[in-house]
Novice: 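Would you mind keeping the following structure in view while I ask a few things?
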2 protein chains.
Amino acid sequence: MTVIEDTPLAKKLGAFVALSTSDLSLLSGLHRRRKALVAGRDLVHQGQSDQIAYILAAGWVCSYKILPDGSRQIVDFQIPGDFLGLRSALLHTSDRSIESVTDIEVSEVLVRDLLNVFAQNLRLATAVLWAASRDEAMVVEHLVNIGRRSAVERMAHFLLELGSRLTLVGMGDKSGYTCPLTQYHLADALGLTAVHVNRVLRQLRENGLLTFRNGVVTFDNYQGLATLVDFDPTYLDQTGPLLK
Amino acid sequence: MTVIEDTPLAKKLGAFVALSTSDLSLLSGLHRRRKALVAGRDLVHQGQSDQIAYILAAGWVCSYKILPDGSRQIVDFQIPGDFLGLRSALLHTSDRSIESVTDIEVSEVLVRDLLNVFAQNLRLATAVLWAASRDEAMVVEHLVNIGRRSAVERMAHFLLELGSRLTLVGMGDKSGYTCPLTQYHLADALGLTAVHVNRVLRQLRENGLLTFRNGVVTFDNYQGLATLVDFDPTYLDQTGPLLK
DNA sequence: CGGTATTTTGAATGCTATCAAATAGCGTGG
DNA sequence: CCACGCTATTTGATAGCATTCAAAATACCG
């Protein structure tokens, strides 16, 4: 049996609030109904909405919107420990589609079960809300990124942010991380062309800032990158001011 | 005494769920502590967070982030009936600044009072959550707008969306609305230059689509605009599927 | 009526897209 | 194990949209 504390969700929430053993076992109660899915499948389709949310246990996922001309904008990527479709399940509205980027494993969560957990345990409810709020803050940061930064800065900021998130769940550190995204994914997320993404990555590599090759992001000069885009990971590393 | 049903907040929430007289009086209970502010003042500053949220009663406000190079990205505008700083008050984190665009009137709302209302009245709690969720959906729509549309399309989409929101609170219709935003505001919201905003507005005007002059937006061809950007106001006009 | 903020227009530059094509990587089947 | 086909990456040349710099015209305010 897996050690409860080691699920990505527990790690992430644990970074927000201290979790007791009983908190952890309540959380693990949500991890029944495991499901596996191959890469490139839609989990939720734009407009559809049902009573189920998911916790991503393994693999990467993206949420996106398609425009009438066929282009798409990726709103966010989700990594292990993230909820999928939480708001759409709670509020019966889905404004975007969700697709698996890699093969994934998810745990189905019934809204009813989740609300029960919240009712039993304020600490967990807060932690989950906190995480949801962080996700929203990331969308805002993403908006600023696309609206006001050059292509090189966008890329740097994006890869730094991803690094911080992965570090939180033990899948990366300041030296880099494994990343399954293609240059097309990056393009759709950053509002660029895949061709230009390639040139931007080359530029970052040639300036000794970072290398993204063979599915691995390597920060060659973390501090330099952070300075370049004024990266402030504070909005991700909350030190749980609400509950201790 | 003002008729309760006529506050912009009541109008907006009323479009989500049917509100009874007792719901309305509970709502109006939140409208004590009226405050007035002149244009161009900060209500909440990036990073600060306190226990107070606001309901905007009159005037326009914008929430934005400033980048280290001095440029700014406006994340959203708020119009009468919108909450200001709701999430930051609930979760003790503010990721953006809020500034008055015009002279405004707000009602201060203590988190405690708001939570009391929620506890007493599920219908209102749902309506408010719904409104908050709509605001989030608008940020996502905004992201898509900036990431994947041309300058002309961005402008058209933005002004259409604003029109829908204003219509909901009785401040506009399909023919147009009064709009206090300067071309600098539009530029900061759409990730453009003020100079280019001007050219884009001219282009829209010369194509007979819309006219924005002397603080008035006039839709010269509403259907043409909606088609141009595939505008779908569905995500704003919810017909309250949750509570009737 | 002067002063400031906003809008408008012009010319030149530059960043990113588009179009086109070559190279490299990877899984599959012979 | 190699050939094949597909997807992803890389590079070059050209076009275009939006920015930048500059300045004039107009609106707004006390």
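Chain naming here is simple, since letters A, B, ... match the order of the sequence lines and numbering starts at 1 in each.
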Novice: Looking at Lys35(A) and Glu108(A), does any basic side-chain N land under 4.0 Å from a carboxylate oxygen?
Specialist: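 Salt bridge flag = yes for Glu108(A) with Lys35(A).
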
Novice: Do the side-chain N and O atoms of Asp220(A) and Thr211(A) include a donor-acceptor pair separated by under 3.5 angstrom?
Specialist: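 Yes - a donor-acceptor pair under 3.5 Å links their side chains.
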
Novice: With Tyr177(B), which residues qualify under side chain to side chain donor-acceptor pair (under 3.5 Å), at least two apart?
Specialist: none

Novice: Using the salt bridge (charged side-chain N to carboxylate O under 4.0 Å, His left out) definition, which of the options Arg149(B), Arg134(B), Arg154(B) pairs with Glu141(B)?
Specialist: Arg149(B)

Novice: Using whole Å, report how far CG of Asp69(B) lies from C1' of dT20(D).
Specialist: 14 Å

Novice: Taking five pairs at each end, how big is the angle between the two axes of the helix from dC1(C)-dG30(D) to dG30(C)-dC1(D), to 10°?
Specialist: 40°

Novice: Do the side chains of Val101(B) and Leu181(B) get nearer than 4.5 Å, heavy atoms only?
Specialist: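 Sidechains of Val101(B) and Leu181(B): in contact.
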
Novice: Answer whether the closest heavy-atom distance between the side chains of Leu162(B) and Trp60(B) falls below 4.5 Å.
Specialist: yes

Novice: So if I take residues 193-205 of chain B and measure heavy-atom distances to DNA chain D, which residues fall below 4.0 Å?
Specialist: Thr193(B), Val195(B), His196(B), Arg199(B)

Novice: By a strict heavy-atom criterion of less than 4.0 Å, which residues belonging to residues 177-187 of chain A are in contact with DNA chain D?
Specialist: Thr182(A), Gln183(A), Tyr184(A)

Novice: Listed by chain and number, what are the side chain to side chain contact (heavy atoms under 4.5 Å, CB included) partners of Ala132(A), not counting sequence neighbours?
Specialist: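 Ala132(A) satisfies side chain to side chain contact (heavy atoms under 4.5 Å, CB included) with no residue once adjacent residues are dropped.
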
Novice: Please work out whether the ring planes of Phe77(B) and His185(B) are parallel, tilted or perpendicular, with thresholds of 30° and 60°.
Specialist: perpendicular

Novice: Nucleotide range of DNA chain C contacted by chain B, 5' to 3', under 4.0 Å to a heavy atom?
Specialist: dT6(C) to dA11(C)

